[in-house]
Every structure is written in C-alpha cells, then in structure tokens.
Amino acid sequence: MKILAATHNKGKMREYAELLADLPVAWVSLSDVGIETDVEETGDTFEENACLKAATYACQSGLLTLADDSGLEVEALYGAPGVQSARYAGPGASDEDRYRLLLANLEGVPDEKRKARFVCVIAIATPHGKVFTAEGARGGYIIHEPRGEHGFGYDPVFWIPGYRATMAELEPEVKNRISHRALAVKAIRPRLERLVRYDSALSLGAEHRDEAEAASNE
Ligand code: ITT
C-alpha cells in the first residue's frame with residue numbers, strides 16, 4: 001500500500017520517515033507523484049490548514065494522504081508566529097531568517113516571559129473525502145541565541161527545561177520521542193493502522209469488503 005507524505009518541508013519529511021518506519025506501507029513524496037504545486041494555507045487554525053492540505057493532495061493523487069500544519073506559538077507575542085510560522089519573515093526567507101526575526105521581536109523580554117509551545121496537527125485524508133486529525137504540543141521557552149545543529153525551523157531557539165537543551169541540541173531519536181510531531185503521530189497511529197488494515201482487506205477482493213468497512217469504522 002502507498003501513502004503520500006504530503007509536505008514540501010524536508011525536515012518534516014525526514015521525521016515522518018523515522019516516526020512511521022515500522023508501518024507496512026510504501027511512503028511516497030509529492031515529487032514522487034508529480035505534484036509541484038503548493039496548497040494555499042487560508043485557514044485560521046492549524047487544524048483547518050492540515051485538513052486543507054491533506055484533502056487537496058489526496059484528491060490530486062488518489063492516495064491515502066498524511067499532511068501536517070505545525071508551528072510555534074509564543075506567549076509574549078500573543079501566539080505569533082502561530083499558523084504564520086513558515087511565512088513569518090516573508091517569501092524566500094530561510095529558517096535562520098525566521099528565528100532571527102523572532103529573537104529580534106522578543107528583544108528585552110525577560111526569560112520568564114519567553115514561554116512558547118510547538119504545535120502539530122496531523123490530518124489523514126482518504127481519496128474519497130474522509131479526513132481524520134490529531135494534535136500534539138510541546139512546551140518550552142525561547143532563548144536569546146541559537147544553539148544546536150539538529151532538527152530544522154525554530155528548533156535552535158526552543159529551550160526544553162526538562163532536557164536542559166534546545167530542540168536542535170537533542171539527538172533526532174530523542175526529538176522523535178518528545179516532540180509535538182511525535183505526540184501527534186502517537187495520537188493518530190491507531191487510526192492510521194486501521195486505515196492500512198482496511199486497504200489490505202480491500203486488496204484481497206470484493207468478498208472482504210465487510211471486513212474492510214469494519215476495520216475503517218472501528
Ligand atoms: P508543508 O506545508 O509543505 O508541510 P511548511 O514548512 O510550509 O511545509 P507549515 O506550513 O506547517 O509547513 O509550517 C510549519 C513551520 O513551523 C515550519 O516551516 C517551521 O518553521 C516551523 N516548524 C514546524 N515544526 C517544527 C519543528 O519540529 N521544529 C522547528 N520548527 C518547526
């Protein structure tokens with residue numbers, strides 16, 4: 001069975017390949033199925049945008065599709081950059097441009113007021129229009145200077161007190177146990193496993209349709 005991991009973000013793609021490596025499926029990327037276009041993220045919430053991406057790419061590819069909308073919410077900035085995390089520093093900006101802008105916007109804000117959380121909403125869409133979602137979040141603080149080489153995005157400025165490290169200082173196996181994305185995967189995994197069972201039952205032939213329906217609706 002093929003599942004489309006629908007993201008243009010290489011960091012996310014790498015993490016999903018690791019987080020879901022044990023599932024008996026072939027993961028394909030947007031470029032594998034010849035999709036070069038971006039879905040316009042017009043929603044006001046992570047959930048709306050995740051559903052928009054998953055449903056559009058499932059319809060375009062005809063494959064079961066996983067997408068996420070994720071980002072960083074900073075308390076002192078009233079939740080910004082939030083759903084704008086990827087577009088925070090405008091078009092063409094790099095990860096470093098975005099976290100540098102964040103640090104500039106937090107200049108003078110004392111340590112105890114630099115609370116933040118990473119949020120990830122995963123949406124899984126079937127080509128027939130069903131969409132399932134799950135959310136994960138990880139709290140922390142924004143430090144003053146970047147630290148660490150792992151991960152991507154805002155990881156170098158996101159401090160996790162329990163680990164006394166930034167997300168970018170954690171080894172990938174550790175990030176993949178505790179991150180917002182890891183928690184969202186954990187929450188959606190039972191549904192994903194049922195959808196895989198549904199597809200396997202269907203591929204055995206029409207006489208297995210009842211078994212397949214039962215698996216998908218469990
Ligand atoms: P797709 O829409 O193609 O998946 P994107 O990068 O545009 O790629 P989003 O719209 O979900 O994805 O934006 C998420 C942004 O939030 C991303 O570009 C990062 O800057 C940040 N982000 C999300 N998850 C992160 C993580 O685990 N570590 C650091 N930054 C993260």
Side-chain angles (χ1 to χ4, degrees), residues 4-19 27 29-33 35-58 60-61 65-74 77 79-103 116-125 133 135-143 146-160 165-185:
L4 175 62
T7 177
H8 292 290
N9 183 314
K10 290 195 174 70
K12 282 189 193 178
M13 192 72 190
R14 195 175 51 240
E15 291 182 4
Y16 281 113
E18 291 161 3
L19 286 163
W27 289 95
S29 67
L30 287 167
S31 56
D32 291 335
V33 294
I35 298 177
E36 305 293 340
T37 49
D38 247 334
V39 172
E40 213 188 324
E41 298 182 23
T42 51
D44 293 326
T45 62
F46 291 113
E47 184 169 6
E48 279 177 72
N49 285 330
C51 292
L52 206 58
K53 288 190 249 188
T56 308
Y57 290 129
Q60 288 178 1
S61 65
T65 298
L66 179 150
D68 91 29
D69 199 50
S70 45
L72 182 66
E73 294 180 335
V74 180
L77 301 176
V83 292
Q84 299 296 332
S85 292
R87 300 175 288 280
Y88 193 42
S94 65
D95 279 350
E96 180 169 354
D97 297 333
R98 286 187 276 269
Y99 71 63
R100 291 273 173 212
L101 176 63
L102 179 74
L103 294 181
R117 62 175 208 149
F118 268 131
V119 181
C120 173
V121 175
I122 293 179
I124 294 178
T133 61
E135 177 171 327
R138 164 63 54 189
Y141 289 84
I142 304 302
I143 53 168
R147 287 172 55 165
E149 301 296 328
H150 299 298
F152 66 96
Y154 297 88
D155 283 344
V157 297
F158 187 85
W159 177 257
I160 309 164
T166 66
M167 196 72 112
E169 289 178 306
L170 298 179
E171 292 297 328
E173 316 73 272
V174 181
K175 178 177 178 187
N176 283 340
R177 276 206 309 276
I178 66 153
S179 77
H180 49 309
R181 186 161 294 103
L183 297 174
V185 164

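Hydrogens, waters and symmetry mates play no part in the numbers below; they use all other heavy atoms, side chains included. Predicted model only: the values in this text are computed from it and were never measured. Starting from 1, each residue takes its place in the sequence as its number. We count ligands from 1, going down the list as the structure has it; atoms in each ligand are counted the same way.
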Looking only at protein heavy atoms, which one is nearest to [atom], and what is the separation?
atom	answer
atom 22 (N) of ligand 1	Phe152 CE1, 4.1 Å
atom 8 (O) of ligand 1	Asn9 CB, 3.5 Å
atom 7 (O) of ligand 1	Ala86 CB, 3.6 Å
atom 28 (N) of ligand 1	Asp155 OD1, 2.7 Å
atom 20 (O) of ligand 1	Tyr154 CE1, 3.3 Å
atom 24 (N) of ligand 1	Arg181 NH2, 3.0 Å
atom 14 (C) of ligand 1	Ser70 O, 3.1 Å

Where on Phe118 is there a heavy atom closer than 4.0 Å to ligand 1, on the side chain, on the backbone, on both, or on neither?
-> side chain

If you measure from each non-hydrogen atom of Lys53 to ligand 1, which part falls under 4.0 Å: side chain, backbone, both or neither?
-> side chain

Report yes if the side chains of [X] and [Y] come closer than 4.5 Å at any heavy-atom pair, otherwise no.
X	Y	value
Asp44	Val83	no
Ser179	Arg138	no
Tyr154	Met167	no
Ser70	Lys12	yes
Leu102	Leu77	yes

Relative to the heavy atoms of [X], which atoms of ligand 1 are at a distance of less than 4.0 Å?
X	value
Thr7	1 (P), 3 (O), 4 (O), 8 (O)
His180	24 (N), 25 (C), 26 (C), 27 (O)
Glu41	2 (O), 10 (O)
Lys12	1 (P), 4 (O), 8 (O), 9 (P), 11 (O), 12 (O)
His8	1 (P), 3 (O)
Lys175	26 (C), 27 (O), 28 (N)

NZ/NE/NH1/NH2 to OD/OE distance under 4.0 Å, Arg100 and Asp97 | no

For Gly71 and ligand 1, answer yes if some heavy atom of the residue is under 4.0 Å from a ligand atom, otherwise no.
-> yes

Of all the heavy-atom pairs spanning Ala5 and Trp27, show the shortest one and how long it is.
-> CB-CE3, 3.9 Å

Tyr88 vs Leu72, side-chain contact (heavy atoms from CB on, under 4.5 Å): CA-CA, chis, key distance, verdict | CA-CA 11 Å; Tyr88 193 42; Leu72 182 66; over 6 Å; no

Is it the case that ligand 1 has an N or O less than 3.5 angstrom from some N or O of [X]?
X	value
Ser85	no
Asp95	no
Arg87	no

Between [X] and [Y] (side chain of the first, backbone of the second, donor and acceptor by atom type, cut-off under 3.5 Å), is there such a pair?
X	Y	answer
His180	Glu135	no
Lys175	Ala168	no
Asp69	Ala50	no

Have a look at Thr166 and tell me which of Asp155, Ile160, Val157, Ile143 forms a side chain to side chain contact (heavy atoms under 4.5 Å, CB included) with it.
-> Ile143

